[in-house]
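Following: one structure in structure tokens, then a few remarks.
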Amino acid sequence: MRLFFALRFPQDAVQAICQVQQRLRLYAPSARYPGPENLHLTLAFLGEVAPSRLGEAQAALNALRPVPMTLHLTQVGYFSQGGGGLWWLGPEPCPELFALQKELASQLECRGFSIEPKAFRPHITLARKVSFPGDKPQKKVLLPRAIQVPCRRVSLMRSQLTPRGALYTELAGK
């Protein structure tokens, strides 16, 4: 099973993020947009994990000491990918977020899970396979003001790939 750890958001924050997606959709109507139920910020991606190791992943979650934090989403950007870019929304630097991700990575590594060696770049995926038939939108058009997102829970998520896109299910949370 494909597993990852994520921060999920309260409904009002999800609605605000969806508004940013709607503004992006005006410029890139053919992109693939994740539904509101799939919006999250990934802390650690494990990839394919044997079902017998699910308990170890849950133990890493249970060992965490997450502290409530508020993310201030002020960044809009993209990663280049084949077939169009991935556009994202990101938070201002947040020491609590980086400390949580580092603690989670440590808990996972001591249980024998391998974590991607690249630097943690916190972001929420707005759209994939983005290409613009006209001009690219400016940041201020997509995100006219910061979005405040309270985060109080870390979730262990399962990702199932389907022909219609990924289906995410929370397996455990703390």
Okay, side chain of Glu92, backbone of Thr74: is any donor-acceptor separation there less than 3.5 Å?
no

Between [atom1] of [X] and [atom2] of [Y], what distance do you get to the nearest 0.5 Å?
X	Y	atom1	atom2	result
His123	Leu86	NE2	CG	5.5 Å
Gln21	Leu39	CD	CG	5.0 Å
Glu170	Arg158	CD	CZ	14.0 Å
Phe45	Ile115	CZ	CD1	10.5 Å
Ser159	Leu46	OG	CG	11.5 Å
Thr42	Gln101	OG1	CD	10.5 Å

Could you verify whether a donor N or O on one side chain and an acceptor N or O on the other, from Gln148 and Thr70, lie under 3.5 Å apart?
no

Counting heavy atoms not belonging to [X], are there more than 12 under 6.0 Å from its [atom1]?
X	atom1	answer
Arg53	CZ	yes
Glu48	CD	yes
Lys174	NZ	yes

Pair Thr125-Asn38, side chain to side chain contact (heavy atoms under 4.5 Å, CB included): steps then yes or no:
CA-CA 9 Å; Thr125 298; Asn38 281 357; over 6 Å; no

Centroid separation under 6.0 Å, is that true for the rings of [Y] and [X]?
X	Y	answer
Tyr168	His40	yes
Phe79	Trp88	yes
Phe132	Trp87	yes

Taking all non-hydrogen atoms of both residues into account, name the closest pair between [X] and [Y] and its distance.
X	Y	result
Phe5	Ala57	CZ-O, 3.5 Å
Val20	Leu143	CG2-CD1, 3.9 Å
Ser131	Ser30	OG-OG, 4.3 Å
Arg153	Ala172	NH2-C, 4.4 Å
Leu108	Ala44	CD1-CB, 3.8 Å
Val130	Ala31	CG2-CB, 3.7 Å

Let me see the working for Leu142 and Leu126 under side chain to side chain contact (heavy atoms under 4.5 Å, CB included), right down to the final yes or no.
CA-CA 11 Å; Leu142 295 179; Leu126 294 172; 5.6 Å; no

Are the side chains of [X] and [Y] in touch, meaning some heavy atoms are under 4.5 Å apart?
X	Y	value
Gln58	Leu156	yes
Arg25	Gln22	yes
Arg2	Leu161	yes
His72	Val149	no
Val49	Phe113	yes
Tyr33	Leu24	yes
Pro68	Cys151	no
Leu100	Val67	no

Before you tell me yes or no, could you show the steps for Ile147 and Leu71 under side chain to side chain contact (heavy atoms under 4.5 Å, CB included), namely the whole-Å CA-CA distance, both residues' side-chain angles and the distance that decides it to 0.1 Å?
CA-CA 8 Å; Ile147 300 171; Leu71 300 180; over 6 Å; no

Show, in sequence, the C-alpha distance, side-chain angles and deciding distance for Arg23 and Gln19, and conclude whether the side chain to side chain donor-acceptor pair (under 3.5 Å) test is met.
CA-CA 6 Å; Arg23 288 188 283 272; Gln19 290 174 356; 4.6 Å; no

Quick check on the hydrophobic clustering: are [X] and [Y] connected, directly or via other members, by side-chain heavy-atom contacts under 4.5 Å?
X	Y	value
Val154	Met157	no
Leu64	Phe4	no
Leu167	Val14	no

